[in-house]
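Just so it is clear, the structure is predicted and the values come from calculations on it, not from any experiment.
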Amino acid sequence: MGIVERIKEIEFEMARTQKNKATEYHLGQLKAKIAKLRTQLLEPPKGASQAGDGFEVTKFGHGRCALIGFPSVGKSTLLTLLTGTQSEAAAYEFTTLTCIPGIIHYNDAKIQLLDLPGIIEGASEGKGRGRQVIAVAKSSDVVLMVLDASKSEGHRQILTRELEAVGLRLNKRPPQIYFKRKKTGGISFNSTMQLTHVDEKLCYQILHEYKIHNAEVLFREDATVDDLIDVIEGNRKYIKCVYVYNKIDVVGIDDVDHLARQPNSIVISCNLQLNLDRLLARMWDEMGLVRVYTKPQGQQPDFSEPVVLSTDRGGCSVEDFCNHIHRSLLKDIKYVLVWGTSAKHYPQRCGTQHTLQDEDVVQIVKKKEVEGEGGRGRFKSHTTGPVRIADREKKAPLKQ
């Protein structure tokens, strides 16, 4: 029996099992078994001697967005409208067969947009080269899930289920669970609050399913069994997702209003070029890019080319800003002057741990180098003689 058949068999057993207090331990073990099998499904075959043919392209720009969706929903047309890159679009499905990159120039920043081939139901099991498509999405900062507004709402649920099956967690944050494997000492289970979904016995059974008998587990929130399994696996990617409903020009205004009010959703029309500016602004907000302008001492700020920072790519502190310019700059800094929304007054004298915000202006003040040997004549602060008295040369005795 293959891995896919074993997963379907366990899913069928979970579907026919009643959910109550007596069966929660059994369901927890089944969820752990499914997670282990899906991890094995993502691993390359043992006999593969060389790497497969994937869709990965070189990272470029200050951020990366990936277009994911079913075939013929308007992904290639959206890429052409936003970036100017010509991606073939036709009236038949699977027009795009490889990854096509494009660059969006927005707010003095460069955002890489990837047009991926359409995925189908069962992509997490390898159908339609779905694994390669989802692997590229894992390397993105934001996923744009393009949906057809005229189709049923089930398409969104199918795509979300396929992405979560391969370890992508959309619009979620990592669970507040501390987990560390140990060599000895058994399993230590603690929590800082009352747990309603997981108890000590269930945690022990899940860890034993993974053959972990020595570990330390600390719950800092009321997490579920799935959250605990995600922490044990350690290969989950928590990524932001925006649901983009295309073709709103073929549905009624009531349906458009209903779709636009759903969380993390935005409605557009590539045919009539409607609401594309709102889509770009939403992408910018989700990526959390921060533009920082430099100001030389005694001169006006340089607003031509900002330094673009990101929370997901390094951080947005003054230290990250200095490392972005040059690695050796940090050790020469005395302090920095900051103008902008992150400063309490203009200018504010800050240290290296200050967090910068969008469109801040930063002036770096470096340490002054001491000329020569630190002064002249009797004002010298440093001597060339030995430090210890025992190492000094003794003068010759005076002649009597």
Do you know which two heavy atoms are closest between Asp222 and Leu195, and how far apart they sit?
OD1-CA, 3.6 Å

Of all heavy-atom pairs between His197 and Leu202, which one has the smallest distance, and what is that distance?
O-CD2, 3.9 Å

Evaluation steps, side chain to side chain donor-acceptor pair (under 3.5 Å), between Ser150 and Asp148:
CA-CA 5 Å; Ser150 60; Asp148 193 340; 2.8 Å; yes

Please check this pair: side chain of Ser265 against backbone of Arg261, looking for a donor-acceptor N/O pair closer than 3.5 Å.
no

Where Cys316 and Leu309 come nearest, the two heavy atoms and their spacing
CA-CD1, 4.1 Å

Should Leu356 and Trp339 be regarded as members of a common hydrophobic cluster, given that ILVMFWY residues are connected when their side-chain heavy atoms come within less than 4.5 Å of each other, either directly or indirectly?
no

Please report the shortest heavy-atom distance between Gly28 and Ile229, naming the atom on each side.
O-CD1, 4.4 Å

Can you see whether Phe60 has Lys110 sitting over its ring - NZ or CZ less than 6.0 Å from the centre and within 45° of the normal?
no

Euclidean distance, Ser140 OG relative to Leu116 CG, rounded to 0.5 Å
7.0 Å

Looking only at non-hydrogen atoms, find the nearest pair between Leu27 and Lys19 and report the distance.
CD1-CG, 3.7 Å

Checking His155 now: which residues fulfil side-chain hydrogen bond (donor to acceptor under 3.5 Å, both in side chains) with it, not counting sequence neighbours?
none

Side chains of Asn107 and Leu289: does their closest heavy-atom pair fall under 4.5 Å?
no

Is any side-chain heavy atom of Phe321 closer than 4.5 Å to a side-chain heavy atom of Thr294?
yes

Under 4.5 Å between any side-chain heavy atoms of Ile239 and Cys241, yes or no?
no

Under 3.5 Å donor-acceptor, Thr23 side chain and Gln18 backbone
yes

Give the ring-plane orientation class for Trp284 versus Tyr106, where under 30° counts as parallel, over 60° as perpendicular and anything between as tilted.
perpendicular

Does atom CD of Glu153 have more than 12 heavy-atom neighbours, drawn from other residues, nucleotides or ligands, at distances under 6.0 Å?
yes

Between the side chains of Asp302 and Ser304, is a donor N or O closer than 3.5 angstrom to an acceptor N or O?
yes

To the nearest 0.5 angstrom, please state how far the CD1 atom of Ile3 sits from the CD1 atom of Ile34.
13.0 Å

Quick check on salt bridge (charged side-chain N to carboxylate O under 4.0 Å, His left out): which of Arg169, Lys172, Arg236 does Glu164 satisfy it with?
Lys172

Using side chain to side chain contact (heavy atoms under 4.5 Å, CB included) as the criterion, point out the one residue from Leu78, Val73, Leu114, Val143 that pairs with Leu67.
Leu78

Could you check Leu337 against Lys295 for side-chain contact (heavy atoms from CB on, under 4.5 Å), going step by step and ending with a plain yes or no?
CA-CA 9 Å; Leu337 297 176; Lys295 180 185 179 301; over 6 Å; no

Do Asp199 and Tyr25 have side chains that approach each other closer than 4.5 Å (heavy atoms only, starting at C-beta)?
yes

Please work out whether the ring planes of His208 and His213 are parallel, tilted or perpendicular, with thresholds of 30° and 60°.
tilted

Residue pairs passing the side-chain hydrogen bond (donor to acceptor under 3.5 Å, both in side chains) test where at least one lies in residues 177-188, sequence neighbours excluded
Ser188-Asn190

Taking atom CD1 of Ile111 and atom CE of Met283, what is their separation to the nearest 0.5 Å?
5.0 Å

Return the minimal non-hydrogen interatomic distance between Ile248 and Ala149, and the atom names on each side.
CG2-CB, 4.2 Å

Identify whether Val361 and Val336 are in the same connected component of the hydrophobic contact network (ILVMFWY, side-chain heavy atoms under 4.5 Å).
no

When you measure from the side chain of Asp257 to the backbone N and O of Ile253, does any donor-acceptor pair fall under 3.5 Å?
no

Return yes if some donor-acceptor pair links the side-chain N/O of Asp108 with the main-chain N/O of Glu305 below 3.5 Å, else return no.
no

Test side-chain contact (heavy atoms from CB on, under 4.5 Å) on Arg313 and Arg64 and set out the steps.
CA-CA 11 Å; Arg313 293 191 180 189; Arg64 170 182 276 196; 3.9 Å; yes

Before accepting this row, confirm whether a basic side-chain N of the pair Asp332/Lys367 lies closer than 4.0 Å to the acidic partner's carboxylate O.
no

With the 4.5 Å side-chain cut-off for hydrophobic clustering, are Val250 and Ile268 part of the same group?
yes

Give a yes or no answer on whether the side chain of Asp285 reaches the backbone of Arg282 with a donor-acceptor pair at less than 3.5 Å.
no

Check whether any side-chain N or O of Asp141 sits under 3.5 Å from a backbone N or O of Met287 as a donor-acceptor pair, and report yes or no.
no

Can His62 and Ser310 be said to form a side chain to side chain donor-acceptor pair (under 3.5 Å), step by step?
CA-CA 8 Å; His62 305 107; Ser310 174; over 6 Å; no

Drop me the distance from Arg278's CZ to Ile266's CD1, to the nearest 0.5 angstrom.
6.5 Å

Is any NZ, NE, NH1 or NH2 atom of the basic residue among Glu221 and Arg173 found under 4.0 Å from an Asp or Glu carboxylate oxygen of the other?
yes

Atom pair CG (Asp360) and CG (Asp358), whose distance is rounded to the nearest 0.5 Å:
8.0 Å

Less than 4.5 Å apart, side chain to side chain, heavy atoms only: is that true for Lys33 and Glu13?
no

So Lys138 and Leu168, side-chain contact (heavy atoms from CB on, under 4.5 Å) or not? Walk me through it.
CA-CA 7 Å; Lys138 277 189 174 184; Leu168 275 175; 3.8 Å; yes

So, are Lys75 and Asp115 salt-bridged, with charged N and O less than 4.0 Å apart?
no

May I ask whether Leu30 and Ile212 are part of the same hydrophobic cluster, defined by side-chain heavy atoms of I, L, V, M, F, W, Y residues being less than 4.5 angstrom apart, directly or through others?
no

Ignoring hydrogens and geometry, is there a side-chain-to-backbone donor-acceptor pair from His258 to Ala260 under 3.5 Å?
no

Going by heavy atoms in the side chains, are Ile206 and Val198 under 4.5 Å from each other?
no

Report yes or no: do Val290 and Leu280 belong to one cluster of Ile/Leu/Val/Met/Phe/Trp/Tyr joined by side chain heavy-atom distances under 4.5 Å?
no

About how many Å separate NZ of Lys151 and CZ of Phe70, when rounded to the nearest 0.5 Å?
9.0 Å

Is there side-chain contact between Tyr243 and Asn171, with heavy atoms separated by less than 4.5 Å?
yes

Contact between Asn264 and Val242 at the side-chain level, heavy atoms closer than 4.5 Å - yes or no?
no

Show your reasoning for whether side-chain contact (heavy atoms from CB on, under 4.5 Å) applies to Leu147 and Leu159.
CA-CA 10 Å; Leu147 301 165; Leu159 288 175; 3.7 Å; yes

Would you find a donor on one side and an acceptor on the other, under 3.5 Å apart, between the side chain of Tyr204 and the backbone of Phe189?
no

